[in-house]
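Notes to accompany the following structure.
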Amino acid sequence: MTPAAWKQSGRVHLHRGQEFFYREQAREPGASSALLLIHGFPTSSWDWHKVWDALAAKLPRVIAADMMGFGFSSKPADYSYSILDQATLFEGLLEHLGVSRIHILAHDYGDTVAQELLARHLERSASARPQIASCVLLNGGLFPETHRARTVQKLLLTPLGPLLSRLMNRRSFERSFAAVFGAGTQPSAEELAQFWELIRHDGGDRILYKLIRYMPERIEHRERWVGALQKTRVPLRVINGPADPVSGAHMVARYRELVPHPDVVSLPGIGHYPQTEDPAGVLKAFFEFHARLPG
């Protein structure tokens with residue numbers, strides 16, 4: 001599915017006066033339970049297009065959104081982009097759609113948003129919404145001490161960030177982006193062009209230095225977000241591409257050290273984007289996990 005086709009079947013909702021794009025498919029329209037897909041940095045909800053149909057065929061409702069500053073959503077230059085705000089965006093969307101119970105499938109930056117949602121879930125009463133029934137996390141910086149940021153990410157955080165955002169072009173993006181994929185699962189030239197198209201949409205490449213501020217946020221809120229993984233009673237599974245230089249096997253090793261009863265599936269040879277590199281492997285691990293859930 002091309003990004004244009006993905007956009008055509010989506011809708012727009014408002015958050016803090018800004019428009020954000022979301023997509024929903026319902027096998028059971030109006031169902032109060034849904035799977036929420038949360039994408040990563042610097043891409044968009046289109047990341048899920050290879051697993052979307054299979055998920056939508058088996059689950060009551062599947063929902064994905066482009067977070068503020070990403071994909072087809074608004075990208076204002078004067079916006080305070082933060083993980084906390086993105087979590088609130090999803091809460092507002094779920095309330096708007098009448099969803100009170102969610103399963104989560106998240107990736108990268110989206111993992112951190114999921115950790116904030118898990119932290120809020122811990123703080124709420126049993127009757128508060130949304131309730132989280134399960135959470136599956138793909139490659140992401142769950143622990144700031146194991147996140148091996150790329151050089152371009154580190155530079156975006158420096159005073160050179162605004163200039164670097166303006167100077168980034170398709171060639172430099174493709175070189176840096178392809179490096180986080182597995183050696184045998186490299187994105188095609190067409191896929192790289194589509195990822196870049198979505199990043200550049202509505203000037204998104206110009207605000208990358210603002211979006212990257214999630215990295216110091218992870219350090220600031222480490223105890224809260226790592227604590228959410230350690231204390232939650234929500235069933236968790238990590239599906240990991242161990243060949244990922246950013247959050248691969250080394251992140252999983254730390255996860256096994258810190259999180260009680262770790263449930264981990266590794267996909268050999270896969271890098272940072274398991275859902276596009278090995279969609280069949282992700283779906284198999286996801287549905288095996290869900291088959292064991294209560295109810």
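Here the structure is a predicted model, which is why all the values come from computation and not from measurement.
For the pair K50 and E191, the salt-bridge criterion is met [side-chain N within less than 4.0 Å of a carboxylate O]. Using a 4.0 Å cut-off between charged nitrogen and carboxylate oxygen, E223 and K231 do not count as a salt-bridge pair. Salt bridge annotation for E28-R61: absent, with no cationic side-chain nitrogen under 4.0 angstrom from a carboxylate oxygen. Here R224 pairs with E123 in a salt bridge; the nearest charged N to carboxylate O distance falls below 4.0 Å. Taking the charged nitrogens against the carboxylate oxygens, R16 and D85 do have a contact shorter than 4.0 Å, which makes a salt bridge.
Shown here is R171, whose CZ atom has no more than 12 heavy atoms of other residues, nucleotides or ligands within 6.0 Å. Around atom CD of E95, no more than 12 heavy atoms belonging to other residues, nucleotides or ligands sit under 6.0 Å away. Within 6.0 Å of the CZ atom in R200, the count of heavy atoms belonging to other residues, nucleotides or ligands does not exceed 12. Within 6.0 Å of atom CD in Q8, 12 or fewer heavy atoms from other residues, nucleotides or ligands are found, so the atom counts as exposed in its surroundings. No more than 12 heavy-atom neighbours from other residues, nucleotides or ligands sit within 6.0 angstrom of CD on E190. Heavy-atom neighbours of R11 CZ from other residues, nucleotides or ligands within 6.0 Å: at or below the threshold of 12.
Side-chain heavy-atom separations under 4.5 angstrom define the hydrophobic clusters, and I219 shares its cluster with no other residue.
Side-chain contact check for T112 and W225: no donor-acceptor pair (N or O, by modelled atom type) lies under 3.5 Å. Defined by atom type and a distance below 3.5 Å, a donor-acceptor pair is present between the side-chain atoms of S45 and D66.
In this structure, R23 satisfies the cation-pi test against W52, with its NZ or CZ atom closer than 6.0 Å to the six-membered ring centre and inside 45 degrees of the ring normal.
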Q. ring-ring contact (aromatic ring centres under 6.0 Å, His included) between H103 and H290: does it pass, once the steps are laid out?
A. CA-CA 9 Å; H103 299 271; H290 268 247; 4.7 Å; yes
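Between F90 and F20, a ring centre-to-centre spacing not shorter than 6.0 Å is recorded.
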